[in-house]
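I have placed the structure first, in the form of structure tokens, so that the comments after it can refer back to it.
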Amino acid sequence: MKVQVCKSQVCTGLPKCGCIFLFLAIFVCILIIYIMDILAFLKKANTIVIIPSVSPFTTPSEMHYNCKFQPFSGTDAHEEHLLLQSIAWPETPPLPSPVSMNRTSDPAHSTFTILPGREGEQWHIGDKLEVLIKIHDFQGHPKNCGGDVLLARLHNPTLDAGVAGQIVDHLNGSYSALFFLLWEGSAQVEVTLVHPSEAVTELRRLNIEQPDRMRFVSQFRSGSVTETTKCHVCLRPTQQPVCNYTDLQTGEPWFCYKPKNLSCDARILHLRAGYQQITAMDQLFQRGVNMKVSIPASGPAGVTVLPKKKDNSEESSNSVGPGPSGYYYQGVWKALDDTTVHQFNTPSAITQCLKGKVVHLYGDSTIRQWFEYFIATVRDLKEFNLHSEKKVGPFIALNYENNIIVTYRVHGPPLHFTKVPTSELRYIANELDSVTGGRNTVVVIGIWAHFCTFPTEIYIRRLQSIRRAVVRLLSRAPDTLVVIRTGNPKALKLHEVLTNSDWYSLQRDKVLRAMFKGLNVNLVDAWEMVLAHHLPHQLHPQFPIIKNMINVLLSYICPQKDG
């Protein structure tokens, strides 16, 4: 936009001061028109302009409420779109009001059937087994839509063997479970209905309508004055001013209502405050009825696997594409990629592997389990007392003789831990930027369980910031070993499932794998390692499973050393 003003024509007959005033007025008008043009363009482009505030808090009108956050642009936005597409769940039926169980998925009326293989009823190691699952409702009628949450496992209790199956949804009430046959002898099929499709409808609704159902607060203190206010990414609109604790380096958002009598800088503690009243259709989440219940077989529930045939190069007609990451045999996890999992069965074997190493563990309590395992099993690895909060950390353990350091630090909010000093709220990406790295440095990351009640977009953004930090670390120190721990299925009770369901975990597990695919990082597949094992699912897997996870980690650290 060009505006031309002719001085000789405008100022004719005016005193000098009047001419100057006239030029100033014209300049202001031009500036206003220019700003209006910019705002009109931004409105068309659906762009949000963030103006930094010199105030430590923002008023409600400036806040991102109800999980609204600054939109991505460019490649990040495209990646977010692709990730959300990759985890898109089949459409699930709307729920009538009141809900009738009669039309919902019933594991007792549902069945699975082992389909014949290439050679009829003969099976050999290396073959693939296909199982057809048919879901019926409580009236015995077949379902005609997909979206049920199913888990499948093939196992042999005598051999202490097990492998996870891959579920394929045919979107018509039937599913396939596909297995690799990996050991000789009997192989029993186990299919579990985690949630009916109708429950997924409810879980989706909860994350849209009640993303703040997990309650967080912060404590503020100055002298003898103490106040507590609610905190979240998804704060509800009120007239109360808001403290903005968005991290300056990563852009990770976190907000608290400002206390009435204290400043935002007086914040000293982050606390979990339990659950808000959750409005949910409880009958969709009944243990022993329609939540984590086994589906019976319509015929034989297993097969007998014969030795591998000499010529078994031909692909099976029921090829499943990518197979499992590994399986158990005699209680030992065997990887199916290029990793040879060694057994570090003695403290001296673990010590020898970790000699001269610095191991940094970042994440939630499922990663803290690994720190606790090292403390319990590694000789002369002594925890240094930092007077940290129990279960929160940070923690550090040292073995001076063998120059071993193992550290643990919890990830930044959201955090379900009871009490965390705000001074210890650190984001993994920022911590990684302070790691020198190198061939004697091991970085382990596990972050998933605390994000289930949040929109998936928030989890994607957290992983993107961590991935960028991993890329920077590997750029400056390519020999650094980076290991990612996935999420895992767990035991489900009503109050837990509404905040931390296996369906939520499964969705975030898919995002995690996709986010780090193609990077020079290693994976500990906790999802399959828990699913394939005979022990019951728990948020914190039991010792035999943890031992196998640690053996995978140590095999990455010491690929040539056998315990």
Side-chain angles (χ1 to χ4, degrees), residues 89-113 131-153 155 164-165 167 169-177 188-207 209-210 213 275 277-299 301 452-453 488-507 530-531 533-539:
W89 200 259
E91 285 299 317
T92 54
L95 298 175
S97 183
V99 172
S100 171
M101 293 286 288
N102 291 339
R103 297 296 183 90
T104 65
S105 304
D106 177 19
H109 279 95
S110 303
T111 60
F112 73 82
T113 305
V131 172
L132 180 64
I133 306 163
K134 292 187 176 181
I135 303 297
H136 292 71
D137 63 25
F138 278 83
Q139 293 180 321
H141 300 141
K143 296 286 291 290
N144 58 10
C145 65
D148 297 289
V149 185
L150 298 168
L151 297 177
R153 168 174 91 103
H155 65 110
I167 299 292
D169 189 343
H170 300 300
L171 307 179
N172 60 4
S174 67
Y175 302 77
S176 292
Q188 301 297 311
V189 175
E190 182 183 275
V191 178
T192 301
L193 176 70
V194 179
H195 294 305
S197 56
E198 294 80 10
V200 175
T201 301
E202 184 71 347
L203 292 172
R204 279 173 158 165
R205 182 192 68 80
L206 285 172
N207 261 20
E209 297 180 7
Q210 300 184 56
R213 58 193 183 278
Y275 311 101
Q277 184 64 39
I278 299 173
T279 303
M281 299 175 181
D282 296 358
Q283 59 266 50
L284 296 174
F285 305 95
Q286 298 184 60
R287 295 179 69 186
V289 177
N290 58 4
M291 185 169 70
K292 282 225 169 174
V293 179
S294 294
I295 292 175
S298 62
C452 288
T453 58
N488 56 264
K490 52 195 165 295
L492 297 180
K493 299 178 182 177
L494 177 61
H495 75 280
E496 294 170 338
V497 74
L498 299 179
T499 56
N500 210 355
S501 162
D502 278 356
W503 182 71
Y504 292 138
S505 300
L506 180 61
Q507 296 290 84
V530 169
L531 179 56
H533 205 277
H534 65 83
L535 287 171
H537 300 170
Q538 293 185 3
L539 173 61

Among residues at least two apart in sequence or on other chains, which ones pass ring pair (Phe, Tyr, Trp, His ring centres under 6.0 Å) with His533? Tyr328
Check Leu132 against Ser174 and note the closest heavy-atom contact, atom names and distance. CD1-CB, 4.3 Å
Decide yes or no for Tyr175 and Val191: does some side-chain heavy atom of the first lie under 4.5 Å from some side-chain heavy atom of the second? no
Are Met101 and Asn290 packed together at the side-chain level, in the sense that at least one heavy-atom pair is separated by less than 4.5 angstrom? yes
Could you tell me whether a side-chain N or O of Ser501 sits under 3.5 Å from a main-chain N or O of Leu498, the two making a donor and an acceptor? no
Heavy-atom donor-acceptor pair, Asn172 side chain to Cys145 backbone, under 3.5 Å: no
Nearest heavy-atom pair of Gly140 and His109: which atoms, and what distance? CA-CD2, 3.7 Å
Whether Lys143 and Asp137 form a salt bridge (side-chain N of Lys/Arg under 4.0 Å from carboxylate O of Asp/Glu) is what I want to check. no
Between atom CG of Leu531 and atom CZ of Arg153, what is the distance when rounded to the nearest 0.5 Å? 8.0 Å
Atom pair CE (Met291) and NE2 (His195), whose distance is rounded to the nearest 0.5 Å: 6.5 Å
Please enumerate all residues that pass ring pair (Phe, Tyr, Trp, His ring centres under 6.0 Å) together with His155, with sequence neighbours excluded. none
On a heavy-atom basis, the closest approach of Pro489 and Leu151 is CB-CD1, 4.4 Å
Considering only heavy atoms from C-beta outward, does the side chain of Pro94 approach that of Thr201 to under 4.5 Å? no
Other residues, nucleotides and ligands only: do more than 12 of their heavy atoms fall within 6.0 Å of CZ on Arg204? yes
Rounded to the nearest 0.5 Å, how far apart are CD1 of Ile133 and CD1 of Ile167? 4.5 Å
Side-chain touch Lys292/His537, heavy atoms, less than 4.5 angstrom: yes
Looking at Cys452, is its backbone amide N or carbonyl O close enough to the side chain of Asn207 to form a donor-acceptor pair, meaning the two atoms are under 3.5 Å apart? yes
Has Gln286 got a side-chain atom pairing as donor or acceptor with Gln283's backbone, closer than 3.5 angstrom? yes
